[in-house]
Amino acid sequence: PEGFGVKAVLPGEQYIPAFAGMLPKISGNQVCIVPITKHHADKLKETAGAELPQGEYISADDIVTALVWQALVIMRCSQLGLASGSHDITTCSRACNIRQRAQPPLGASFCGNGVTNVQTKIEVRELLALSVSEIARRLRAALRDLIALGSIP
């Protein structure tokens, strides 16, 4: 489907993904480790929650994903020689459980994956300038928008 970045490759067809040229730069001995305890995650969520407008919600997963995304982008900028002020787009793709969001909800006997993909896109410079709580709000907004658009059958 359009917008999901998926390409069907037919048997025997030669296809080189766009990211293939970057693999030598991002493969190797560098890793992105984001040490986080449950206490730290709870504290981040509490702090972010205090900044939210009335009635708005973010999850602990939103917070941890925001923290890891920002750390990973910092590492990728270093690996690729990309300036922190870059206007390039960074995309965070997350799986979204739609079992209870589908109409009608998918029951316990549903055989298959009840998930879809939700993407959040932000310029590198903006992502690196935002607070973790603001990134988490944008991650949650992308999920809310997916649901509001009726993208879930």
From Ser86 atom OG to Leu128 atom CG, the distance as rounded to the nearest 0.5 Å
9.0 Å
Strictly by modelled atom types, are Trp69 and Thr90 linked by a side-chain donor-acceptor pair under 3.5 Å?
yes
Heavy-atom side-chain contact between Ile135 and Gln70 under 4.5 Å:
yes
Would you give the length of the straight line joining atom OG of Ser133 to atom CZ of Arg138, rounded to the nearest 0.5 angstrom?
11.0 Å
Report the distance from atom CZ of Arg137 to atom CZ of Arg144, rounding to the nearest 0.5 Å.
8.0 Å
Distance from Ser84 atom OG to Leu127 atom CG, nearest 0.5 Å?
11.5 Å
Are Leu82 and Ile74 connected in a single hydrophobic cluster, I mean Ile/Leu/Val/Met/Phe/Trp/Tyr linked by side-chain heavy atoms less than 4.5 Å apart?
yes
Taking the side chain as every heavy atom from C-beta outward, state whether Arg76 and Val124 have any pair of such atoms under 4.5 Å apart.
no
To the nearest 0.5 Å, what is the distance between CG (Leu139) and OG1 (Thr120)?
4.5 Å
Within the 3.5 Å criterion, strictly below it, is a donor on Asp62 or Thr65 matched to an acceptor on the partner's side chain?
no
Hey, what do you get for NZ (Lys38) to NZ (Lys43), rounding to the nearest 0.5 Å?
13.5 Å
Note, Asn117 side chain near Arg94 side chain (heavy atom, < 4.5 Å)
no
Mind checking whether Leu143 and Cys96 have side chains closer than 4.5 Å, heavy atoms only?
yes
Any side-chain donor near an acceptor of the partner, Gln119 and Thr91, under 3.5 Å
no
The test is side-chain contact (heavy atoms from CB on, under 4.5 Å); show your working for Asp88 and Glu123 and say whether it passes.
CA-CA 5 Å; Asp88 286 348; Glu123 286 186 0; over 6 Å; no
When Ile, Leu, Val, Met, Phe, Trp and Tyr are grouped by side-chain heavy atoms lying under 4.5 Å apart, directly or through other members, which residues fall in the same group as Val68?
Val34, Ile36, Leu44, Leu52, Ile58, Ile63, Val64, Leu67, Val132
Between Arg140 and Ser59, is there a side-chain donor-acceptor contact under 3.5 Å, judged purely by atom types and distance?
yes
